[in-house]
Amino acid sequence: MGGLSRLVAVAANTFRETVRERVLYNLVFFAILMTLSGLLLGQLSIRQDEKVLKDIGLAAMDFFGTLIAIFIGVGLVSKEIERRSLYPLLAKPLSRGEFFLGKFAGLVFTLLVNIAVMTLGLYATLLATGRGADPGLLAAIYPIFLGLVLVVAFAMLFSTLTSSALASVLTVGVVLAGRFSDVVRNMREVLPAVPTWVVDGLSAVIPNFRNFDFKDRVTYGDPVPGDVLLWVTVYAAVYVTIVLGLGLASFRSRDFQ
Amino acid sequence: MAEPSPLLTRGLSKSYRVGHIRQSLHPALIDLDLEVRRGEILGYVGPNGSGKTTTLKLLTGLLKPDGGEAWVFGQPLESRAWRHRMGYLPEHPYLYDYLTPSEYLDYAGRLFSLPAPVRRKRARELLALVGLERSTRVPMRRFSKGMVQRVGLAQALINDPELLLLDEPMSGLDPLGRRLVRHLILDQRKAGKTVLFSTHILSDAETLCDRVAVLRAGRLVQVGALGEMLRPDVAHMEVLVEGPGSGLPEIEGEMRREAVGDRTRLEVDEKALARVIVAVDAAGGRVLSVQPVRQSLEEHFFQEMGGDDGGGNSWEG
Amino acid sequence: MTRPLAVLLLLLVPVVPWSQSKIDERAGIFRAQEEVLYLWSGEQVRNLFPGFEDLAADVYWLRTVQYFGGQRVYSRKKDFALLRPLVEITTTLDPRLEIAYRYGAVFLSELPPTGAGRPHEGIEILEKGTRAMPESWRLRQYLGFFYFLYLGDARRAAAVLEEAAELPGAAFWLRTLAADLLARGGDRAASRQMWQRMFDQSEEGILRENARVQLAILDSRDRADQITEAVQKFERRHGRRPHRLEELRRSGLWRGPLEDLNGVPFHYDASRGRVSISRESPLWRPEPPAAGG
């Protein structure tokens, strides 16, 4: 399978690129945040401190992950086009599909490592401050990761269609809209004049990023049913495939002037 | 059956869309019929904007042709099999800031599915070949333009290609670098490889090429051996003189005189050379050098094309 | 796009809404319940957004509407526990957001499953509104309506409507309505007039829809009463009550429909000879406290 090994080569190089471009600096920040929160909350010793610590940890994973997914994701392909660094690569036996998917896989791997390290950091903080390592947190972290993968797919789609500045704006827009998708669904209650088809159309097109948010539930110690996680996985996988497929089609048909 | 030629194009065409609101088509390459012969060095020359880079991008799949066909080693352009036998250096390559040359060549080698030991060996050899053996572990963000160009050449050779497509390989290089690239290209030919390189600097083509293909405003205007294109006659000599200054009298057959510091450059008729040397000696000066001024490719073109410069094309360098 | 890729993508598109509905089915239920409000007082929130109170109010208003819609669609309990604090915070941040008072009051007062069924809280919200916007006759009118419609207090309602009538720009009918309430202690006609006014005053949307439902309830009750009269006529004529309402049709005593305005057949209590809106109907409500109905 030459194709797969080339894809892996691109992914590995993308991983190296993102790591060397200081993406994982946010881990340092996360470590400081966790340490400070752990120390401060231990001092204050409020009854809610364990929950707050988990809230901060999960929110930071979600937030930093989304920032990386958007801004690195947009630059992933567009930077290579703007700087023409992909020219010598595409002249080699590497196909455009292998390049595109390899880039995607590379950043997804970076995000995986990033979130794994942050998870370990959160658990370390919980243990170090005398609280239990609650395995239930993973039920919130896994969907966060799925959400990040979808963000990367959108960022890559937009970056093949337009300039990287506009692609960033569009991706941020989709992420925000997706996080407020409940507002969109209930839009008619605020703006009654909006026709139904607009609401239906918007809620069909905008990915529902609320699906990936189990932070509240998990920090209160409530279980997340396995079949919900399964359906969320199906949702993410299908959405990612569609968005990535569109991005791939657009990237394939492109001229590099 | 004879082996198919490394590169053959028939009617290859490409237009670009220009303008944002009212788009119009600007032809960049029109009906290119070109054959590159096995083992030759073909210079692909023309002013900036004449379609050289467009041709190479079409051949490497970075652009999709509007019309026409091309075959590499007898295989159609769409087939990917021939890509294992080809090497490409884009114009002004930008590689990756965060990689070292060794890492970059390793990456390039992986795309050809070369085994790891082969990749390491090739990378070491190639970096020595382009004179970067002492910078193999330096991130390329610290590289000068010329050093990046050298890495670009090395990556084009990673798979030991039978056909090399080089887009302006000399650009950004100092004289030493240019000589290095010249030797490299000649070595490739010696090894039986085929090289197509584009340049807008005619002297590069003049010194290297078996044949040149001349492109102008998207059209191929001439293909041929250099000897056929250039008139061999030497028109006059350039004499560089030190010393006499204004003491040098007007010499019969002198065409032009120019003071360069305390030196004087004379352009004289070939037959007047002996008289000039005598006169300089008599005036107490010294002859530093004598060079025949041949009609160059560049002048040839100016003559061919009457200096007409349609389509905003211009010669540089 | 290559054909296989296009076909694959097209085939996948319907999976998105399908998996979304599965997620909603399983996760939406608890999602609405687990809502937590960290800050319960508008003053706390106000201190967090110095200079951005209006923006914060908009955000909270969005959240209020979103919370309410989410509860109605997904929640099993539908107790709208956070509706009051959300409305409180919103109106503290932006005291002149009139829609928030009206919306909050209606859905706090309405009975489940439409609202929270806590009319006293609804009235407190409106009282807060009339304090914040003393010049708004509309809010005061609402307050009057609510005293009558949800608490059955015709005297109090009449007094508030009198006050509202004093305000500049107030509608002329407020006085006659107040007099009516005082004279007759309030009846279904008064209720109808109030809901009709609210229907006319509301923009297209959920408030107007709610008023429309209330009017449908009143009309259905009228119809039920008419059928009850027909039952009584039947009894006088035949010396017995009909076993089923269809007998009224055959006897020619009632030619109209036997369903409420939502098309749900009326409930007929043969032992008492009374016709009423079926409990199965979305128009069913417990009998109002005072207003004849």
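It should be emphasised that the depicted structure is a prediction, and the values quoted were computed from it without experimental measurement. Per chain, numbering begins at 1; letters A, B, ... match sequence-line order.
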- Counting N and O atoms only, with roles assigned by atom type, does the side chain of B:T136 sit under 3.5 Å from a partner on the main chain of B:L132, one being a donor and the other an acceptor? no

- Query: What residues of residues 94-102 of chain B sit under 4.5 Å from chain A when only non-hydrogen atoms are counted?
  - Reply: B:Y94, B:L95, B:Y96, B:D97, B:Y98, B:L99

- Message: Walk me through whether A:E17 and A:K103 qualify under salt bridge (Lys or Arg N to Asp or Glu O under 4.0 Å).
- Response: CA-CA 10 Å; A:E17 168 184 3; A:K103 281 268 153 189; 3.2 Å; yes

- Side chain, backbone, both or neither of B:R80 within contact of chain A (heavy atoms, under 4.5 Å): side chain

- Is there a donor-acceptor pair under 3.5 Å between the side chain of B:T199 and the backbone N or O of B:D204? no

- Query: Does any heavy atom of chain B fall under 4.5 Å from the side chain of A:E98, the backbone, both, or neither of them?
  - Reply: neither

- Query: Does a donor on one side chain sit under 3.5 Å from an acceptor on the other, for A:S250 and A:T160?
  - Reply: yes

- Test A:D62 against A:R179 for salt bridge (Lys or Arg N to Asp or Glu O under 4.0 Å), laying out the working first. CA-CA 12 Å; A:D62 202 355; A:R179 282 176 178 257; 2.8 Å; yes

- Pair B:T55, B:Y44: side-chain N/O donor-acceptor within cut-off below 3.5 Å: yes

- Heavy-atom proximity to chain A below 4.5 Å, by part of B:E91: backbone

- Would you give the length of the straight line joining atom OG of A:S159 to atom CD1 of A:I70, rounded to the nearest 0.5 angstrom? 13.0 Å

- Query: Most heavy-atom pairs under 4.5 angstrom with chain A, which of B:T54, B:L59, B:L63?
  - Reply: B:L63

- Item | A:E82 versus A:S164, side-chain donor and acceptor atoms under 3.5 Å | yes

- Query: Looking at the rings of A:Y239 and A:Y235, which for Trp means the six-membered one, are their centres under 6.0 Å apart?
  - Reply: yes

- Item | Aromatic ring proximity, centroids under 6.0 angstrom, A:F64 and A:F29 | yes

- Message: Just so I understand: if I count every heavy-atom pair under 4.5 Å between each of B:Q155, B:H84, B:E103 and chain A, which residue has the most?
- Response: B:E103

- Query: Is it the side chain or the backbone of B:P93 that comes within 4.5 Å of chain A heavy atoms, both, or neither?
  - Reply: neither

- Item | Contact class of B:K57 relative to chain A, heavy atoms under 4.5 angstrom | side chain

- Leading residue by heavy atom contact count with chain A [cutoff under 4.5 Å; candidates B:R110, B:R83, B:K14]: B:R83

